[in-house]
Amino acid sequence: MTISIPRSPYLQVDEEQGIFRVARRALIDPDVLKDEQEAIFKKCWLYVAHESELKEPGQFVVRFAGGREVILNRDHKGKVNAFLNICPHRGARLCTERAGTTNSFLCYYHGWSFTGDGKLRVLPDREQSFPPGFNDDGSADMVGVPRLDNYRGLYFVCFDRETPSLADYLGRAKPFIDDALDQGPQGMEVVPGTQEYSVKANWKLVTENGIDGNHAATLHVTYFQYLKSIHPDFEPLADSGGSTRRPVVGSTYDLGNGHVALEYAVPWGRVAGSWSPVMGKETKDDVEQVLRDNSERLGPERAERIAKNSRNLLIFPNLHIVDGTGLTLRVTHPDTAGNSFVSSSALGACGESEKLRRLRLQSFLEFLGPGGFATPDDIEALEQCQRGYRMNAEFAPWNDVSKGRLDASEWPQEEEGNIRLFWMEWARRLSGDRSTAPLAEASM
């Protein structure tokens, strides 16, 4: 197949030699982040919240999206709205709490008050001081985010009115989202409590890490040693070449628009319907009932795939749906060129038993939690990379992501095609017009 990429000073590609490199300058230059805010975070759909966080009228959450702070709320009519967290009067933040319940938003600075649908409700001294017809045009109402939409209860915002619809944007990623969200017959919900942390690394490094199937065997070796100790039957598998033993083997898929899925069969248990002795005898009936229920509802083949397979899904640019030992929604926010904020929430099946919920959270914390086997390892590796770029990019200017065929749309897990897909979409959007050129023409 023919693959084309945009002309970009940040990519060095040689199709004949099978070389694909990324300029480390793209990970340390503040001007690049400014371009990203305009070309990517303003024009892409950005995940902000799950519907379960806004169950009742009056509930609201405050989230970051593309360098902006956004209020998402459900008003008294049950409609979900998205507003910028800024008073239209003099610019104070309207919500200083991260979440809560309210019928109105009050600006603490000058006392302007707004209804749940964003309309100006109280204007102090209106009759005495403001001109007739003030706000007839709505200019003093709360400032709405240009676009808000949801897929399967996942709410996204977009700051560009010309961007294609959310459904079109998600495209071929939707079946993978469905596999994550169909695990419970009554739907899924965010479990209260959010893991938040900062990483002294560029947001693109954090994003790469979430879809990199090539680092687990070395960086997370302690985790797999632990698995071996508690799973007597756990045995690493040979990779696609048959010469190396790896913890798990799977494939990565190009889903279009920069979205990437990494899917792999796992030898350990999953709350989604695959029981393992290490999960405890007391959970066996509950886990096996999940598989029976899902088989009846979704069909045996799909239920088996959901139960037995894990998947890491990237919704470009910054949402990871990590359906592994637990089910996690993880969003990476750029702060500076050398620092990122990460927010992770666990999803659970609505109405599931207390035993399954506890097991699900234990699985989440064991691997991805702040003291888990993976997250501290990943943070340390990414921060060491960022430090190296900062000190050495002038003389060692390129990252190499050449592993695996360039002319493919599906790769074995241990290859780097998924990383290349991310960078090609990133470069297309920074090019301004998403035009493409053959790989050879983009070579440097």
Side-chain angles (χ1 to χ4, degrees), residues 47-55 59 61-64 72 98-99 150-156 176-199 206-207 209-211 220 223 261-263 266 268-276 278-280 283 286-287 290 294 306-307 309-315 318-333 341-379:
Y47 170 76
V48 285
H50 185 263
E51 63 181 359
S52 61
E53 299 175 272
L54 301 166
K55 291 181 179 179
Q59 283 189 297
V61 295
V62 176
R63 297 287 157 81
F64 288 104
L72 207 69
R98 298 294 300 276
N150 88 91
Y151 178 75
R152 299 293 307 274
L154 301 176
Y155 275 91
F156 293 76
F176 287 88
I177 298 175
D178 294 341
D179 283 348
L181 299 182
D182 277 337
Q183 294 181 21
Q186 301 175 48
M188 306 297 286
E189 62 183 359
V190 169
V191 180
T194 301
Q195 176 191 348
E196 297 180 326
Y197 55 94
S198 63
V199 186
V206 183
T207 301
N209 176 262
I211 54 172
H220 303 318
Y223 177 65
L262 166 61
E263 186 168 31
V266 294
W268 52 82
R270 279 171 45 80
V271 184
S274 180
W275 184 80
S276 168
V278 75
M279 300 165 85
T283 67
D286 291 55
V287 174
V290 169
N294 285 347
I306 290 173
N309 288 3
S310 287
R311 53 200 62 83
N312 287 21
L313 174 64
L314 168 65
I315 302 300
N318 66 336
L319 168 65
H320 283 103
I321 301 178
V322 187
D323 187 10
T325 52
L327 179 55
T328 306
L329 300 175
R330 186 173 71 195
V331 185
T332 303
H333 307 279
F341 296 119
V342 181
S343 175
S344 293
S345 299
L347 282 179
C350 297
E352 67 185 352
S353 69
E354 182 179 343
K355 287 182 288 186
L356 289 186
R357 180 58 59 88
R358 183 174 63 252
L359 183 60
R360 186 185 295 276
L361 292 180
Q362 287 174 346
S363 298
F364 165 72
L365 292 171
E366 179 181 84
F367 192 65
L368 293 177
F373 281 96
T375 298
D377 289 345
D378 289 332
I379 291 175

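The residues of the chain are indexed from 1 along the displayed sequence.
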Sub-4.5 Å side-chain heavy-atom contact between Tyr155 and Glu51: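 The answer is yes; the side chains approach within 4.5 Å.
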
Heavy-atom check, side chain of Ser344 versus side chain of Val342, under 4.5 Å: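 Yes, at least one pair of side-chain atoms sits under 4.5 Å.
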
Counting N and O atoms only, with roles assigned by atom type, does the side chain of [X] sit under 3.5 Å from a partner on the main chain of [Y], one being a donor and the other an acceptor?
X      : Y      : answer
Trp275 : Asp286 : no
Ser353 : Leu356 : yes
Arg270 : Ala307 : yes

Find the distance between [atom1] ([X]) and [atom2] ([Y]) and round it off to the nearest 0.5 Å.
X      : Y      : atom1 : atom2 : answer
Leu329 : Leu154 : CG    : CG    : 6.0 Å
Thr283 : Leu359 : OG1   : CG    : 5.5 Å
Asn312 : Phe176 : CG    : CZ    : 11.5 Å
Arg311 : Glu263 : CZ    : CD    : 5.0 Å
Ser345 : Tyr47  : OG    : OH    : 6.0 Å

Closest heavy-atom pair and its distance - [X], [Y]:
X      : Y      : value
Tyr197 : Arg330 : OH-CD, 4.1 Å
Ile306 : Ala272 : O-CB, 3.9 Å
Met188 : Ser52  : O-CB, 4.4 Å
Leu314 : His320 : CD1-NE2, 3.9 Å
His333 : Asn318 : ND1-ND2, 4.4 Å
Ile315 : Phe156 : CG2-CE2, 4.3 Å

Just to verify, what does [X] make a side chain to side chain contact (heavy atoms under 4.5 Å, CB included) with, not counting sequence neighbours?
X      : answer
Arg357 : Glu189, Val191, Glu352, Leu361
Asp178 : Tyr151, Arg152, Asp182, Arg302
Ala49  : Glu53, Val61, Arg63, Leu72

Ser310-Asp323 side chain donor-acceptor pair, cut-off 3.5 Å: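 Absent: no donor and acceptor within the cut-off.
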
Stepwise side chain to side chain contact (heavy atoms under 4.5 Å, CB included) test for Leu347 and Leu181: CA-CA 9 Å; Leu347 282 179; Leu181 299 182; 3.9 Å; yes

Steps toward side chain to side chain contact (heavy atoms under 4.5 Å, CB included) verdict (Leu327, Val322): CA-CA 6 Å; Leu327 179 55; Val322 187; over 6 Å; no

Stepwise side chain to side chain contact (heavy atoms under 4.5 Å, CB included) check, Glu196 with Phe341: CA-CA 7 Å; Glu196 297 180 326; Phe341 296 119; over 6 Å; no

